[in-house]
Amino acid sequence: MFELLKEQPADKILMLMQAYREDPREQKVDLGVGVYKNADGKTPIMRAIKTAEKQLWEIEETKSYTGLAGDVGFADAMFGLLYGDTIKRETVAAAATPGGTGAVRQGFDMIRMANREARVFVSDPSWPNHITMLKHLGIEMVPYRYFDSETRSVDFEGMMADLGTAKPGDVVLLHGCCHNPTGANLTLDQWQAVIDLMTRNGLVPMVDIAYQGFGDGLEEDAAGLRMVVSQMPEALVAASCSKNFGVYRERTGLLMAVAQDPARLKVNQGMLNHLNRQNFSFPPDHGARLVTMVLNDAALRADWEEEVREIREGVLALRVQLADELRRLTNSDRFDFVKQHRGMFSRLGATPEQVEKMRVDNGIYMVGDSRINVAGLNARTVPVLAKALVDAGA
Ligand code: LMR
């Protein structure tokens, strides 16, 4: 049987992680995978998570299974974080998943189970795994224009024109905030225009939100999502806790089916449970439990919010430093977009050859489409990247 298998192409982001690890140069700079790093290049366990972990060790009495959808307390706590008071809890069916990736994958699975004809419209570019998962599941993917490589901002006209070709029942995949890989995001007016178009044409939104708090703030980053779920009859929402709670390896995510008609709750919840059962049975619990403890305890939550703020502001300061340094070196404002972008990533607009040159000459690792993880920089490496970019001719 095994001789029938074809070799699968390696994931570009994960390949880069490996190449970076194997590079013996001391001065190498990792701007690849989307993992937050502090100025010392470390990905620390967040303070509130560490405290919750100590508390959990004391109070946890069993490692027996949770429910198929995970602990309901996790879904309740995440509901508050994601939606505030914009919608009612009984409109949301939710199941814990192994990370945000698990939530996206189960969401795609649910689309396929509901409507084999549905196509999924995906921003061009998007997180590469969106595309490969759709392909894996045999769901038709339609790219929509998103990024203007001249201005390095959202090509909103192109986006609306492409979404205008979707048929009723098609799904529109949107990044809740901090677009991956570009860093260019919709304004609230643009969110509204997209919602109006989806409503007019009977499209179904699916929002992938993996970086809440890393853009403009915890509330601000959820604003587009809240507009979608409060205005549209239904939506799928995939949330990740990997980044904003720093629990990457605990695999902590949540898939939600939001339906304004509460009569849908039972079937939707049953479907989420079914998908968990078929794919892996019970979801991981440790990370979800820590997140729940942090969100439900006033002191832990305040500390967590403060740390998210520190991270966000640190990344913003690096953006400003990089844009200013590039202004100085190029004597132009053509890299000022770095300051406008939000979240962990920016697509710089370098060619694959220039990206390769920076890797070979300077030990700077970024994804081939010139996506950088801004959090991989620090005050010392910003000028190194700026000079390498200019030297490479970007
Ligand atoms: C990324 O985009 O780098 C992250 O979401 C990590 C991953 O799994 O690709």
Side-chain angles (χ1 to χ4, degrees), residues 8-21 28-38 41-43 46 97-108 122-137 141 146-147 173-185 206-215 221 237-255 280 283-284 287 291 308 311-312 315 318 341-348 350 352 355 359 364-377 385:
Q8 293 299 312
D11 181 285
K12 290 190 184 98
I13 297 173
L14 305 187
M15 225 163 61
L16 200 66
M17 259 170 108
Q18 186 61 26
Y20 175 81
R21 280 188 191 138
K28 62 187 175 176
V29 183
D30 178 14
L31 308 180
V33 69
V35 169
Y36 171 75
K37 294 202 210 107
N38 64 18
K42 300 268 183 315
T43 305
M46 293 181 85
T97 53
T101 306
V104 172
R105 165 66 200 255
Q106 304 274 92
F108 290 163
V122 180
S123 67
D124 179 16
S126 195
W127 183 48
N129 216 21
H130 283 150
I131 297 152
T132 47
M133 277 195 278
L134 286 168
K135 191 166 171 221
H136 181 72
L137 288 165
M141 191 277 294
Y146 185 80
F147 190 60
L173 180 62
L174 297 159
H175 296 227
C177 62
C178 308
H179 185 267
N180 180 5
T182 67
N185 297 291
M206 173 165 174
V207 181
D208 179 2
I209 182 155
Y211 296 88
Q212 187 183 358
F214 281 16
D221 291 350
V237 182
S240 171
C241 301
S242 298
K243 330 273 170 166
N244 54 1
F245 290 88
V247 287
Y248 304 86
R249 64 175 64 170
E250 303 296 353
R251 310 313 296 134
T252 309
L254 192 71
L255 175 63
F280 45 76
V291 166
V308 172
I311 290 173
R312 177 174 63 248
V315 170
L318 289 166
H341 287 173
R342 283 294 178 275
M344 255 190 199
F345 307 117
S346 269
R347 183 184 261 201
L348 295 177
V355 169
R359 190 185 66 77
I364 296 175
Y365 285 74
M366 66 182 76
V367 184
D369 64 359
S370 76
R371 181 192 87 168
I372 59 164
N373 170 12
V374 180
L377 292 165
L385 169 64

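First listed ligand is number 1; within each ligand, the first listed atom is number 1.
- A ring pair (Phe, Tyr, Trp, His ring centres under 6.0 Å) with Phe345 is found for one member of Tyr211, Trp127, Phe147 and no other, namely Tyr211.
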Given side-chain hydrogen bond (donor to acceptor under 3.5 Å, both in side chains), test Arg371 with Asn180 step by step and report yes or no. CA-CA 9 Å; Arg371 181 192 87 168; Asn180 180 5; 2.7 Å; yes

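- Ranked by closest heavy atom to atom 1 (C) of ligand 1, the top entry among Met344, Met17, Arg371, Lys12 is Arg371.
- At a 4.0 Å heavy-atom cut-off, ligand 1 touches Val33 through backbone and side chain alike.
- Ring geometry, His130 versus Phe108: the interplanar angle exceeds 60°, so the pair is classed perpendicular (tilted spans 30 to 60°).
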Go through the steps for Lys37 and Asp30 under the test salt bridge (Lys or Arg N to Asp or Glu O under 4.0 Å), then give the verdict. CA-CA 10 Å; Lys37 294 202 210 107; Asp30 178 14; 3.1 Å; yes

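- Ligand 1 has Tyr211 within reach: a non-hydrogen atom of the residue lies less than 4.0 Å from it.
- The contact set between ligand 1 and Trp127, taken as ligand atoms under 4.0 Å from a residue heavy atom, comprises 1 (C), 2 (O), 5 (O), 7 (C), 8 (O), 9 (O).
- The shortest side-chain heavy-atom distance between His175 and Asp208 does not fall under the 4.5 Å cut-off.
- Geometrically, Lys28 does not engage Tyr365 in a cation-pi contact, judged by NZ or CZ lying under 6.0 Å from the ring centre and within 45° of the ring axis.
- The shortest separation from a heavy atom of Asn129 to ligand 1 is not under 4.0 Å, leaving the residue out of contact.
- When heavy-atom distances to ligand 1 are checked against a 4.0 Å cut-off, Thr101 has no atom that comes that close, whether in backbone or side chain.
- Protein heavy atom nearest atom 5 (O) of ligand 1, with residue, atom name and distance: Lys243 NZ, 3.1 Å.
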